[in-house]
Amino acid sequence: MRRLSLLVAGALVLGLGASAGASADPLCTETPEPSRWTASAAPDAPVERMSLMVHRGAAELAPENTLWAFRYAIAYDVEWIEVDVQQTADHRYVAFHDYDVAAKTDGTGLIPAMTFDQVRALNAAANPKWAGSAYDPAQIPSLEEVLELARDTGVGVVFDLKESVTDAASVALMAAEHGLIEESIFQPYVPGRAESIKAAAPDARMLMSNQGLEELPDGAPRGVFYAAAREYDAFGSSLPGYDAGRINEAHDGCAVVLPNVYQGDVTGSEAGDLLHARALGADGAQVNNPDLAVDVLDRPVATVLATSGSAVCLLDAEHRQGLPGKGLVLGDGSSVVTGVGGCVDLIGPAGRVRFPGDGSALASSLVVSGRTS
């Protein structure tokens with residue numbers, strides 16, 4: 001895959017530029033070819049393996065930005081989990097998307113006006129999507145918990161720094177303390193954040209949103225993405241804002257392109273937009289459904305069945321994270337569906353438990369002893 005020194009936060013937006021004849025990155029070995037930057041240009045060949053960034057964790061399988069959502073994303077062997085970072089009144093960090101907690105918890109108020117303990121006391125499943133589910137109640141995780149999970153499973157983190165974050169450098173230092181700088185990407189958004197992050201962690205990588213740039217008229221001069229690659233190494237956000245020419249620009253600057261596909265903005269579906277992004281030459285994509293993504297990309301994960309007390313759990317073979325919502329076939333021919341942690345309680349005679357496999361996960365089986373209580 002192309003070099004993933006991922007930094008993209010807005011060279012032109014910050015007033016930086018590059019001439020079409022100069023290399024955007026001193027380490028870049030690509031030769032810029034402006035003739036490849038047109039809307040009608042042929043795309044670069046698809047990468048052998050698209051990199052997947054999972055939006056707020058596997059938020060269709062567990063409440064978004066919770067440890068269960070991140071675990072389920074990791075189970076599908078993705079490259080990054082995307083974490084929304086908010087800063088509390090006592091200068092702690094939590095994983096939560098909204099500035100106001102009312103819509104997604106059982107509380108009210110703004111996170112930057114709340115203490116860490118107040119935020120942690122909220123129920124992240126107290127909303128119409130998850131109330132009464134097996135994940136109710138769910139705690140909002142600390143950033144430290146998310147970083148520990150990422151470190152222990154070897155996955156990268158995409159830090160989506162929200163408006164409450166006043167000290168981005170501290171987030172970068174936390175990533176460094178957990179040994180995650182090389183695997184991580186920062187989305188700084190606010191001018192000045194990229195510089196403070198780089199001052200704290202010089203090897204940190206940034207990702208630039210193309211929001212605003214996607215509205216450039218068709219006849220606008222090309223070169224914006226190539227120029228931005230002088231300072232940043234990855235581009236994300238709006239898929240409709242990319243065509244093969246703009247992606248070629250980024251590649252000529254040795255940057256990578258990782259658009260959002262979960263909204264189905266181009267084809268009407270996440271699966272269709274993922275394949276559309278691949279056809280344009282994108283290096284990866286941000287998705288909501290990692291199970292759907294690995295199915296579409298034909299890269300199902302290997303699985304194992306393991307016992308845990310009176311339960312049998314379906315796990316991915318590499319990271320040993322649970323796979324919920326999968327059908328298991330029992331020795332008597334009956335079937336059950338895995339739940340929290342990819343587990344299901346088994347009470348009955350000894351026999352073979354089998355997962356027949358599907359498009360996102362490979363088959364596995366296990367002989368278990370009888371469970372009587």
Side-chain angles (χ1 to χ4, degrees), residues 53-76 78-107 109-127 129-131 133-165 167-168 170-180 183-187 286 288 290 319-322 324 339-343:
M53 177 196 311
V54 185
H55 185 229
R56 309 180 194 177
E60 299 302 316
L61 299 177
E64 66 180 49
N65 279 304
T66 62
L67 291 177
W68 279 121
F70 295 132
R71 291 178 183 125
Y72 295 154
I74 292 166
Y76 286 100
V78 302
E79 281 68 28
W80 301 286
I81 51 174
E82 188 249 14
V83 181
D84 294 308
V85 181
Q86 300 276 10
Q87 183 177 315
T88 64
D90 47 351
H91 209 99
R92 295 287 300 277
Y93 299 95
V94 294
F96 195 74
H97 180 270
D98 295 2
Y99 198 64
D100 190 325
V101 303
K104 294 178 179 176
T105 76
D106 55 349
L110 306 180
I111 284 191
M114 304 172 73
T115 67
F116 176 76
D117 288 342
Q118 287 173 327
V119 173
R120 294 276 280 174
L122 298 172
N123 179 6
N127 55 67
K129 184 168 184 173
W130 294 103
S133 73
Y135 299 96
D136 185 5
Q139 189 174 52
I140 295 173
S142 68
L143 184 57
E144 290 92 336
E145 288 175 319
V146 178
L147 298 183
E148 288 166 5
L149 175 63
R151 178 198 61 203
D152 293 345
T153 55
V155 71
V157 177
V158 176
F159 296 89
D160 190 332
L161 302 177
K162 295 303 182 182
E163 58 267 55
S164 63
V165 176
D167 186 2
S170 290
V171 177
L173 290 173
M174 289 175 64
E177 289 168 1
H178 285 80
L180 292 169
E183 293 82 7
S184 297
I185 312 170
F186 293 84
Q187 298 185 72
Q286 185 170 188
N288 268 357
H319 307 289
R320 295 296 175 122
Q321 301 300 309
V340 175
C343 298

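Just so you know, these numbers come straight off a predicted model, no measurement behind them. The analysis underlying the following values was restricted to heavy atoms, covering all of them including side chains, and did not include hydrogens, waters or symmetry mates.
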Shortest non-hydrogen separation from Leu147 to Ala175 and the atoms involved: CD1-N, 4.2 Å
Please name the pair of heavy atoms, one in Ala124 and one in Asn127, separated by the smallest distance, quoted to 0.1 Å. O-ND2, 3.0 Å
Rounded to the nearest 0.5 angstrom, the CG-CD1 distance for Leu122 and Ile111 is 7.5 Å
Could you check whether any side-chain N or O of Gln86 sits under 3.5 Å from a backbone N or O of Asp98, counting only pairs where one atom can act as donor and the other as acceptor? yes
side-chain contact (heavy atoms from CB on, under 4.5 Å) between Thr88 and Val94: does it pass, once the steps are laid out? CA-CA 8 Å; Thr88 64; Val94 294; 4.3 Å; yes
Check step by step if side chain to side chain donor-acceptor pair (under 3.5 Å) holds for Asp117 and Thr115. CA-CA 5 Å; Asp117 288 342; Thr115 67; 5.5 Å; no
Before accepting this row, confirm whether a basic side-chain N of the pair Glu64/Lys104 lies closer than 4.0 Å to the acidic partner's carboxylate O. yes
Hey, could you give me the CZ/CG distance between Phe116 and Asp90, rounded to the nearest 0.5 Å? 8.0 Å
State, with a plain yes or no, whether a side-chain heavy atom of Trp68 is found less than 4.5 Å away from one of Pro63. no
Thr105 vs Phe96, test: side-chain contact (heavy atoms from CB on, under 4.5 Å). Steps then yes/no. CA-CA 10 Å; Thr105 76; Phe96 195 74; 3.7 Å; yes
Measuring from Glu148:CD to Leu180:CG, what's the distance to the nearest 0.5 Å? 10.5 Å
State whether the side chain of Glu82 and the backbone N or O of Arg56 hold a donor-acceptor pair below 3.5 Å, judged by distance alone. yes
Any idea how Phe159 and Phe186 line up, ring-wise: parallel (<30°), tilted (30 to 60°), or perpendicular (>60°)? parallel
Has the side chain of Tyr72 got a donor or acceptor atom that lies under 3.5 Å from a matching backbone atom of Leu67? no
Quick check: closest heavy atoms across Pro324 and Gly339, and the distance to 0.1 Å? CB-O, 3.3 Å
With a 3.5 Å distance limit and no angle check, can you tell me whether Trp80 reaches the backbone of Glu183 through a side-chain donor-acceptor pair? yes
Test log, rule ring-ring contact (aromatic ring centres under 6.0 Å, His included), inputs Tyr93 and His91: CA-CA 7 Å; Tyr93 299 95; His91 209 99; 5.8 Å; yes
Between Val83 and Ala95, what is the shortest heavy-atom contact and its length? CG1-CB, 3.8 Å
In short, Val146 meets Ile81 closest at the heavy-atom pair CG1-CD1, 4.0 Å
Value rounded to 0.5 Å, distance of CG in Asp160 from CE in Met53: 9.5 Å
Asn123 (side chain) donor-acceptor with Pro137 (main chain) under 3.5 angstrom: no
Could you tell me whether the side chain of His319 and the main chain of Thr153 form a donor-acceptor pair under 3.5 Å? yes
From Arg151 atom CZ to Glu177 atom CD, the distance as rounded to the nearest 0.5 Å: 11.0 Å
Just verifying a value: how many Å separate Arg92 CZ and Ser142 OG, rounded to the nearest 0.5 Å? 6.5 Å
Glu144 versus His178, closest heavy-atom pair with distance: O-NE2, 4.1 Å
Full working for side-chain contact (heavy atoms from CB on, under 4.5 Å) between Tyr99 and Leu110: CA-CA 6 Å; Tyr99 198 64; Leu110 306 180; 3.8 Å; yes
Begin from the C-alpha positions of Glu60 and Lys129 and carry the test salt bridge (Lys or Arg N to Asp or Glu O under 4.0 Å) through to its verdict. CA-CA 9 Å; Glu60 299 302 316; Lys129 184 168 184 173; 3.0 Å; yes
